[in-house]
**Student:** 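The structure follows.
Reminder, nothing fancy here: chain letters follow the sequence lines and each chain counts from 1. Computed from a predicted model, the values in this text were never measured in an experiment.
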Protein chains: 2
Amino acid sequence: MIDAVQNPVTTVMRALADPTRRAVFERVFESKEISVAELTRGSGVTQGAISQHLKSLKQAGLVAERAEGRNVYYRAAPQGLEPLVEWMDHYGVFWRERFQNLRTLLKEIDP
Amino acid sequence: MIDAVQNPVTTVMRALADPTRRAVFERVFESKEISVAELTRGSGVTQGAISQHLKSLKQAGLVAERAEGRNVYYRAAPQGLEPLVEWMDHYGVFWRERFQNLRTLLKEIDP
DNA sequence: CTAATTCATTAGCTTGAACTAATTGATTGA
DNA sequence: TCAATCAATTAGTTCAAGCTAATGAATTAG
């Protein structure tokens, strides 16, 4: 049972399964845009490690980058989560547990 | 940046990140109830490997078991996916992309 | 120009994960 | 009873993943 070459679900899951790397993604997401140096501060790992994590996040489609001068700014790409959403949706998890919220939510939006 | 002892999100993500193990979960889910021997057939790995995968799926709260005679039947426990749902919900992924579906869905259920 | 900063990459180490093969305990069928 | 089946566990191997330390390329500050 091997993914032919590499299933996107596997890529995204693996990227987010590591706590350190997931923390990096979370910080990038919260920051709108953030440099590698800034990410390294308070991360508990070296700059090289951060760069490696960013690389796999990027390959998973979860972050994008923008170079400016000697800095490289990263931003989150939440569309990268889509494979996860699809996979979970296939298992019908969302609607089941959130049915009661739907009506109230809809009324807030379109009263 | 280490999970204190072990974050549930990490546990679930790691459990599902492996293609073989995820395939096991998918088969369990589709089967309502399925024995280890049956899971082993056509899995491409040995029975021992399947048992190991089931063990970590169980620890992640993704499957439950029922022993009967010399068989052990496994069933999916989709509530185990809740940590994932919460985590992704925190990133606002769901509603954004699925707003247009909500109205039609609601009308089907409560016309 | 020189020194310092930022980031990516690489080699090397260590650890954990996935697997097999084999064993064991339990249950069932002949 | 005895052989066979089912499932869990264990020891042992292999390989990948995460990390550090070090280096190098590019940019900027003095």
**Student:** Among side-chain atoms of A:Q47 and A:S51, is any donor-acceptor pair under 3.5 angstrom?
**Tutor:**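 There is such a pair between these side chains.
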**Student:** Please tell me which of B:E38 and B:Q52 maps to the more 5' nucleotide of DNA chain D, matching each residue to the nucleotide holding its nearest heavy atom.
**Tutor:**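 Taking each residue's closest nucleotide, the earlier one in sequence belongs to B:E38.
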**Student:** Where the side chain of B:R70 is defined as all heavy atoms beyond and including C-beta, which of D:dT9, C:dT27, C:dT9 is the nearest nucleotide?
**Tutor:**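 Nearest to the side-chain atoms of B:R70, counting from C-beta on, is C:dT27.
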**Student:** Have a look at B:Y74 and say if it touches a base, only the backbone sugar-phosphate, or nothing, with a 4.0 Å heavy-atom cut-off.
**Tutor:**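 Counting heavy atoms under 4.0 Å across all strands, the contact made by B:Y74 is with sugar-phosphate only.
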**Student:** Quick check for you: among C:dA8, D:dC19, D:dC6, whose closest atom lies nearest to any side-chain atom of A:Q47?
**Tutor:**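 My answer, after comparing the listed nucleotides, is C:dA8.
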**Student:** Take atom CE of A:M13 and atom C1' of D:dA16, then tell me their distance rounded to the nearest Å.
**Tutor:**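 Atom-to-atom, A:M13 to D:dA16, this comes out as 20 Å.
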**Student:** Output yes when B:R27 and B:E30 qualify as a salt bridge under the 4.0 Å nitrogen-oxygen rule, no when they do not.
**Tutor:**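 A salt bridge is absent here (no side-chain N lies under 4.0 Å from a carboxylate O).
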**Student:** Starting from the 5' end of DNA chain D, give me the residue, B:S51 or A:D18, whose nearest nucleotide shows up first.
**Tutor:**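 Upstream on the strand: B:S51.
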**Student:** Figure out the CZ/C1' separation between B:R14 and C:dA18, and round it to whole Å.
**Tutor:**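 Distance, rounded to whole Å: 12 Å.
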**Student:** Which part of the nucleic acid, if any, lies within reach of A:G48 when heavy atoms closer than 4.0 Å are counted: base, sugar-phosphate only, or nothing?
**Tutor:**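 If one applies the 4.0 Å heavy-atom cut-off, A:G48 turns out to touch a base.
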**Student:** So what does B:S35 hit on the nucleic acid, given a heavy-atom distance under 4.0 Å: a base, only sugar-phosphate, or nothing?
**Tutor:**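 Sugar-phosphate: the residue B:S35, judged by heavy atoms under 4.0 Å, touches backbone atoms but no base.
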**Student:** Considering just the side-chain nitrogens and oxygens of A:T46, establish if one lies under 4.0 Å of OP1 or OP2 belonging to D:dC19.
**Tutor:**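 False: A:T46 side-chain N/O out of range (4.0 Å or more) of D:dC19 OP1/OP2.
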**Student:** Rounded to the nearest Å, what distance is computed from the NE2 atom of residue B:H53 to the C1' atom of nucleotide C:dC19?
**Tutor:**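 Spelled out: NE2 on B:H53 to C1' on C:dC19 is 8 Å.
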**Student:** Is B:N71 close enough to C:dT27 that one of its side-chain N or O atoms is under 4.0 Å from OP1 or OP2 there?
**Tutor:**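 Negative; the distance criterion is not met.
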**Student:** Could you give the NZ-to-C1' distance, from B:K55 to D:dT10, as a whole number of Å?
**Tutor:**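 That distance rounds to 10 Å.
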**Student:** Examine B:V28 and B:Y73 and state if one hydrophobic cluster contains both, with Ile, Leu, Val, Met, Phe, Trp and Tyr joined whenever side-chain heavy atoms are less than 4.5 Å apart.
**Tutor:**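 As far as the 4.5 Å side-chain criterion goes, B:Y73 and B:V28 are not connected within one cluster.
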**Student:** Between B:T40 and D:dA7, does any side-chain N or O lie under 4.0 Å from OP1 or OP2?
**Tutor:**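 The answer is no; no side-chain N or O of B:T40 sits under 4.0 Å from OP1 or OP2.
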**Student:** Using whole Å, report how far CG of A:L54 lies from C1' of C:dT6.
**Tutor:**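 Checked: the CG to C1' distance equals 13 Å.
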**Student:** Once you apply a heavy-atom cut-off of 4.0 Å, does B:A37 come out as touching a base, just sugar-phosphate, or nothing?
**Tutor:**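 Sugar-phosphate, no base atom in range.
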**Student:** Between atom CG in B:L39 and atom P in C:dC19, what is the gap in whole Å?
**Tutor:**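 Roughly 14 Å, once rounded to whole Å.
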**Student:** Strictly distance-based, threshold 3.5 Å: is any side-chain N or O of A:R75 a donor or acceptor partner for the main-chain N or O of A:E33?
**Tutor:**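 Here the side-chain-to-backbone pair does not exist.
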**Student:** Measure the distance from CG on A:L57 to P on D:dG18 and round it to the nearest whole Å.
**Tutor:**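 Nearest whole value for this atom pair: 10 Å.
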**Student:** Specify the separation, in whole Å, of atom CZ of A:R66 and atom P of C:dC7.
**Tutor:**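 It is 12 Å, rounded to the nearest whole Å.
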**Student:** Closest approach to the side chain of B:V45, judged atom by atom: which nucleotide of D:dC6, C:dC7, C:dT20 is it?
**Tutor:**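 Out of D:dC6, C:dC7, C:dT20, the nucleotide with an atom closest to B:V45's side chain is C:dT20.
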**Student:** Sorted by first residue and then second, give each salt bridge (Lys or Arg N to Asp or Glu O under 4.0 Å) pair with at least one member in residues 6-15 of chain A; sequence neighbours left out.
**Tutor:**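 Residue pairs passing salt bridge (Lys or Arg N to Asp or Glu O under 4.0 Å), neighbours aside: none found.
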